[in-house]
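Below you'll find the structure, written out as structure tokens, and then a few comments.
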Amino acid sequence: MKKILLLLALVFGMAVSANALTYEEAFESIKAMPQMKGVEGTEISGHNDFGSIGVTNGRLLIWDGEKGSQTGVYGNAIYKIIGELPAAEIIQCKMTDSSIFAIFAKPESKNTNRIIIFSDSAYAGFTGALIGYISDEALNSLRTAILIPRPEGGTALYLNAMNF
């Protein structure tokens with residue numbers, strides 16, 4: 001009986017992971033949403049927040065209607081997409097009734113990981129997604145980062161600079 005249950009759990013797990021979205025499919029799903037605009041290449045890998053956390057060769061999508069009141073639709077879409085990605089690949093995630101911030105990553109090759117970051121904040125009027133690559137060392141820093149809600153909406157990511 002135990003073996004049958006284990007086999008059923010294994011088959012169910014394989015079926016769920018086979019139907020899971022890839023990061024590229026998740027990114028394209030967000031890109032297909034109305035009013036999304038992309039920012040490419042060096043702007044992501046340069047001297048900015050994304051470059052400082054170690055993301056390279058990145059593509060960024062942001063909602064072009066930041067002043068609007070439609071963020072609920074976008075947040076619900078991002079929430080659904082997050083639910084279709086493998087839970088085992090979650091690095092960090094913080095969800096409240098008004099914001100989502102989630103980081104997923106998986107190994108791509110030696111010391112290179114594929115990363116996708118989702119963000120949505122109803123109060124800040126921001127929705128976005130970032131896909132790129134990150135080294136093992138930078139990814140480990142993200143694993144221990146602290147996610148703190150901002151009073152004006154959104155989520156702040158603090159990397160641990162000091163250990164006592």
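Only a predicted model underlies this, so the values are computations on that prediction, with no experimental measurement involved.
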| request: Could you tell me which residues satisfy salt bridge (Lys or Arg N to Asp or Glu O under 4.0 Å) with Glu28, sequence neighbours excluded, listed by chain and number? | output: Arg59
| said: Going by side-chain contact (heavy atoms from CB on, under 4.5 Å), name the residues that satisfy it together with Gln92, two or more places apart in sequence or in a different chain. | reply: Ile103, Ala145, Leu147
| said: Per the salt bridge (Lys or Arg N to Asp or Glu O under 4.0 Å) rule, what does the pair list look like for residues 104-116, sequence neighbours excluded? | reply: Glu24-Arg114
| said: Hydrophobic clustering (ILVMFWY, side-chain heavy atoms < 4.5 Å, transitive) - are Ile91 and Leu130 grouped together? | reply: yes
| field | CG on Leu60 to OG on Ser119, rounded to 0.5 Å | value | 10.0 Å
| field | Distance, nearest 0.5 Å, that separates CZ of Arg143 from OG of Ser141 | value | 10.5 Å
| Can you find a heavy atom in the side chain of Ile90 that is under 4.5 Å from one in the side chain of Ile82? | no
| query | Between atom CD1 of Ile30 and atom CD1 of Ile62, what is the distance when rounded to the nearest 0.5 Å? | reply | 13.0 Å
| query | Asn111: what forms a side-chain contact (heavy atoms from CB on, under 4.5 Å) with it, not counting sequence neighbours? | reply | Ser135, Asp136
| field | Exercise: identify the closest heavy-atom pair between Ala138 and Gly54 | value | CB-CA, 4.1 Å
| said: Quick one: does any side-chain atom of Asn113 pair with a main-chain N or O of Ala105 as donor and acceptor, under 3.5 Å? | reply: no
| request: Please identify each residue that fulfils side-chain contact (heavy atoms from CB on, under 4.5 Å) with Ala26, with sequence neighbours left out. | output: Leu21, Ile81, Leu85, Ile116, Phe118
| request: Kindly compute the distance separating OG1 (Thr22) from CD1 (Ile131), expressed to the nearest 0.5 Å. | output: 7.5 Å
| query | Taking atom CD1 of Ile78 and atom CG of Asn76, what is their separation to the nearest 0.5 Å? | reply | 10.0 Å
| field | Atom pair OH (Tyr79) and CD1 (Ile100), whose distance is rounded to the nearest 0.5 Å | value | 8.0 Å
| How about Phe27 and Leu61: do any of their side-chain heavy atoms sit closer than 4.5 Å? | yes
| request: Spell out, as yes or no, whether a donor-acceptor pair under 3.5 Å connects the side chain of Thr112 to the backbone of Ser109. | output: no
